[in-house]
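Below is one structure, written out as structure tokens; the observations come after it.
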Number of protein chains: 2
Amino acid sequence: MRLSEGVEWALHSCAVLALLGPDHTLPATRLAEFHGVPAAYLAKHLQQLSRAGVVESMAGRRGGYRLARPPAEIRLLDVVEAVEGSERAFRCAEIRRRGPSAVSDDQYSPVCGIARAMWRAEAAWRAELARQTLADVVGVMGREVSPEAVAKAAAWFQEVVR
Amino acid sequence: MRLSEGVEWALHSCAVLALLGPDHTLPATRLAEFHGVPAAYLAKHLQQLSRAGVVESMAGRRGGYRLARPPAEIRLLDVVEAVEGSERAFRCAEIRRRGPSAVSDDQYSPVCGIARAMWRAEAAWRAELARQTLADVVGVMGREVSPEAVAKAAAWFQEVVR
DNA sequence: GTCCCTATACTCGGATAGCAAGTGTCCGAGTATAGGCGG
DNA sequence: CCGCCTATACTCGGACACTTGCTATCCGAGTATAGGGAC
């Protein structure tokens with residue numbers, strides 16, 4: 001099991017957009033530059049976030065991305081599902097119904113016990129991601145980051161934001 | 001994010017071995033036949049289970065697989081990690097340290113706040129998988145499966161077990 | 001009848017191809033802007 | 001001086017190659033068994 005690298009990029013990008021506030025936009029190129037990742041590929045993930053309604057895209061000369069809602073209303077789950085999709089990680093192929101001991105379909109419980117157990121764990125994962133918002137994460141980061149880093153980032157924002 | 005199909009096969013195979021009890025073994029071929037899956041590929045996963053100490057392999061003419069411990073002592077997490085590996089799903093590439101606003105390494109908190117948030121969710125997932133044992137799952141399945149299916153499976157066992 | 005030996009058939013185990021999904025990139029469509037022109 | 005229009009430069013968005021890891025398979029090494037022979 002492996003989460004797409006794009007999830008990390010998306011989360012960091014959203015964090016930056018949260019710091020920027022609702023009055024400014026940042027183009028994909030700048031976000032990529034800030035994180036040192038390929039611009040074209042990050043753009044792909046930002047499009048997914050846009051489609052999912054997590055960020056808003058502004059077209060045109062001074063366009064770019066900004067959060068679609070306040071950070072406190074964006075759950076980490078929203079970001080993760082925007083990139084990874086909302087399909088379940090464990091997919092039940094109903095192998096219990098195959099093989100020589102198979103019986104007629106109506107003899108089986110509606111969902112396989114093994115699948116239920118696995119999905120219970122996934123639900124716990126989702127619940128934890130739903131509990132944490134972007135505001136939480138940004139808050140913690142803001143408390144932990146060093147003053148020098150803050151200054152440097154602020155200077156960069158000054159330079160690129162119009 | 002997607003779990004390997006082998007996880008499902010491994011779990012079902014372990015459930016069958018649990019029903020079989022510690023006094024019998026079942027070769028990979030039979031397990032594959034019972035579930036209607038490719039034998040050679042299932043064998044690969046059984047090897048992983050064996051390496052992880054979840055099942056024991058008996059070589060020779062009447063060899064096969066059996067559980068290495070009582071079902072109550074086998075956590076679903078053990079089975080899942082045997083197949084999927086114990087690496088984290090979310091991998092922090094430390095992109096916060098890249099880009100134009102990077103500062104010296106000692107300025108950063110030991111682990112990125114975003115990674116910590118993601119790993120918290122993974123911990124919840126693992127905890128839920130660790131809480132449930134093979135005995136739990138088999139117990140539920142035993143209560144849900146229809147009498148006809150039980151009879152059919154028992155007959156098949158009688159036929160193949162020596 | 002009992003013990004030992006050998007040949008056998010069966011098992012697991014790791015090394016080897018094929019394919020799908022994630023990774024990375026590009027170019028075209030669309031739009032808000034900036035400047036110039038006319039009134 | 002003000003308003004409108006047009007050209008522009010910049011943005012996003014979807015369509016196209018490439019690489020990694022999962023899927024699937026095979027064949028060789030090792031071993032407990034079953035049968036036969038000797039005592």
Side-chain angles (χ1 to χ4, degrees), chain A residues 1-10 13 17 24-33 35-66 68 80 82-85 87 89-91 93 95 160-162, chain B residues 1-10 13 17 23-33 35-66 68 80 82-85 87-91 93 95 160-162:
Chain A
M1 186 179 53
R2 214 183 117 197
L3 259 75
S4 161
E5 204 175 0
V7 172
E8 183 184 5
W9 301 2
S13 295
L17 293 179
H24 300 284
T25 69
L26 211 55
T29 312
R30 295 299 178 194
L31 277 168
E33 183 187 342
H35 293 120
V37 300
Y41 191 29
L42 175 63
K44 196 180 176 64
H45 295 303
L46 289 171
Q47 286 163 33
Q48 293 177 294
L49 288 173
S50 175
R51 244 175 280 151
V54 174
V55 302
E56 276 177 352
S57 68
M58 298 287 156
R61 192 165 181 184
R62 294 182 63 181
Y65 289 98
R66 71 177 176 199
V80 172
V83 175
E84 281 289 325
E87 268 187 293
F90 181 88
R91 288 160 208 193
I95 65 174
V160 301
V161 166
R162 290 155 305 188
Chain B
M1 186 180 50
R2 212 183 117 196
L3 259 74
S4 162
E5 204 173 0
V7 171
E8 183 184 6
W9 301 1
S13 295
L17 293 178
D23 300 329
H24 300 283
T25 68
L26 212 54
T29 311
R30 295 297 177 197
L31 277 168
E33 183 187 341
H35 292 118
V37 300
Y41 190 31
L42 176 62
K44 195 180 175 65
H45 296 303
L46 290 170
Q47 285 163 32
Q48 294 177 295
L49 287 173
S50 174
R51 244 176 279 151
V54 174
V55 303
E56 277 178 353
S57 68
M58 299 285 156
R61 192 168 180 182
R62 294 183 62 181
Y65 290 98
R66 72 175 175 202
V80 172
V83 176
E84 281 288 326
E87 268 188 291
R88 286 193 263 239
F90 180 87
R91 288 160 208 193
I95 64 175
V160 301
V161 167
R162 290 154 308 190

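In what follows, chains carry the letters A, B, and so on, assigned in the order in which the sequence lines appear, proteins first and then strands, with residues in each chain numbered from 1.
No donor-acceptor pair under 3.5 Å is formed between the side chain of A/Ser50 and the backbone N or O of A/Leu46.
Distance from the side chain of A/Tyr41 is smallest to C/dT25 among C/dT31, C/dT25, D/dT25. Picking from D/dT11, D/dT33, D/dT25 the nucleotide with the shortest atom distance to the side chain of A/Pro27 gives D/dT11. With C/dT25, D/dA24, D/dG13 as the choices, the nucleotide that has an atom nearest any side-chain atom of B/Trp9 turns out to be D/dA24. Closest to the side chain of A/Ser57, out of C/dT23, C/dA9, D/dC12, is D/dC12. The A/Ala28 side chain lies nearest to D/dC12 when the options are D/dC12, C/dG24, C/dA9. For B/Pro38, whose side chain is taken as the heavy atoms from C-beta onward, the closest listed nucleotide among D/dT25, C/dG13, C/dA21 is D/dT25. The listed nucleotides are D/dT23, C/dG24, D/dG13; the one nearest the side chain of B/Glu5 is D/dT23. Listed nucleotides: D/dG13, C/dG14, D/dT23. Nearest to the side chain of A/Tyr65: D/dG13. The side chain of A/Ala40 lies closest to C/dC26 when the candidates are D/dA32, C/dC26, D/dC22.
Between B/Gly60 and B/Lys44, the one whose closest nucleotide on DNA chain D sits nearer the 5' end is B/Lys44. Two residues, A/Ala43 and B/Ser50, neighbour DNA chain C, and the one matched to the more 5' nucleotide by heavy-atom proximity is B/Ser50. Remark on DNA chain D: of its neighbouring residues A/Arg2 and A/Arg30, the 5'-side contact belongs to A/Arg30, judged by nearest-heavy-atom nucleotide.
With rounding to whole Å, B/Gln48 atom CD is found 15 Å from D/dG21 atom P. When rounded to the nearest whole Å, the span between CZ of B/Arg61 and P of C/dT8 equals 12 Å. The interatomic distance linking A/Met58 (CE) with D/dT11 (C1') rounds to 12 Å, in whole Å. Atoms CG (B/Leu46) and P (C/dG14) sit 13 Å apart, rounded to a whole Å. What separates CD of A/Glu56 from P of D/dT11 is a distance of 18 Å, to the nearest Å. As a whole-Å value, the separation of B/Glu87 CD from D/dG21 C1' is 12 Å. The CZ-P distance, from A/Arg66 to D/dC12, rounds to 13 Å in whole Å. Residue B/His45 contributes atom NE2, which lies 14 Å from atom P of C/dG13 at whole-angstrom precision.
Atom CD of A/Glu33 and atom OG1 of A/Thr29 lie 8.5 Å apart (nearest 0.5 Å). Between A/Phe90 atom CZ and B/Glu8 atom CD the span is 4.5 Å, to the nearest 0.5 Å.
Shown are A/Met58, A/Gln47, A/Glu56; of these, the side chain to side chain contact (heavy atoms under 4.5 Å, CB included) with A/Tyr65 is made only by A/Gln47.
Heavy-atom minimum distance, A/Ala28 versus A/Leu42: O-CD2, 4.1 Å.
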